[in-house]
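Notes to accompany the following structure.
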Amino acid sequence: DKQLKQLILLQASATHQQQKQIQYQQQVDIKQKEQQHQKENEENENNRKNDNALMKRQELLMQAQQTKIDKLLQNQDRMMNILLQKPAASAVIDTNHRSIIDTTQQPTN
């Protein structure tokens, strides 16, 4: 009878230890999941920031390209206006230096 009580107590103690171990493992699992979610959230935030920075950089590049195009068009218009204002043979475009040479002006001595 005494051995039976000890066996029952031993079994109850083992069951209690198992329950404590299960609870501990559940807490560890919850903590790991929370850490994983936090890590994923941080990665998502970093990706969003990188995407925004990339989009901003692309936008600035496009603006710079548009500015270059606008300046080239302005120069082209200016060159055409100069050519149209001069007599036919008096203006020559210097393609090597991309400038307009006015041949009507005489060198000064």
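In what follows, residues are counted from 1 in the order of the sequence shown. These numbers were taken from a predicted model, which means no experiment stands behind them.
Among Q25, Q19, Q26, the single residue meeting the side-chain contact (heavy atoms from CB on, under 4.5 Å) criterion with I22 is Q26.
Rounding to the nearest 0.5 Å gives a distance of 10.5 Å between CG of L60 and OG1 of T67. The line from CE of M55 to CD of Q58 is 8.0 Å long, rounded to the nearest 0.5 Å. A distance of 14.5 Å separates CG of L7 from NZ of K2, quoted to the nearest 0.5 Å.
Applying the salt bridge (Lys or Arg N to Asp or Glu O under 4.0 Å) rule to pairs touching residues 25-41 yields nothing, sequence neighbours excluded. Under the salt bridge (Lys or Arg N to Asp or Glu O under 4.0 Å) criterion, no residue pair touches residues 51-72, with sequence neighbours excluded.
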Given side-chain contact (heavy atoms from CB on, under 4.5 Å), test Q6 with L10 step by step and report yes or no.
CA-CA 6 Å; Q6 284 181 336; L10 194 61; over 6 Å; no
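Not a single donor-acceptor pair under 3.5 Å links the side chain of S13 to the backbone N or O of L9.
Other residues, nucleotides and ligands contribute over 12 non-hydrogen atoms within 6.0 Å of the CD atom of E43.
Taking the salt bridge (Lys or Arg N to Asp or Glu O under 4.0 Å) definition, one finds that E45 meets it with R48, sequence neighbours left out.
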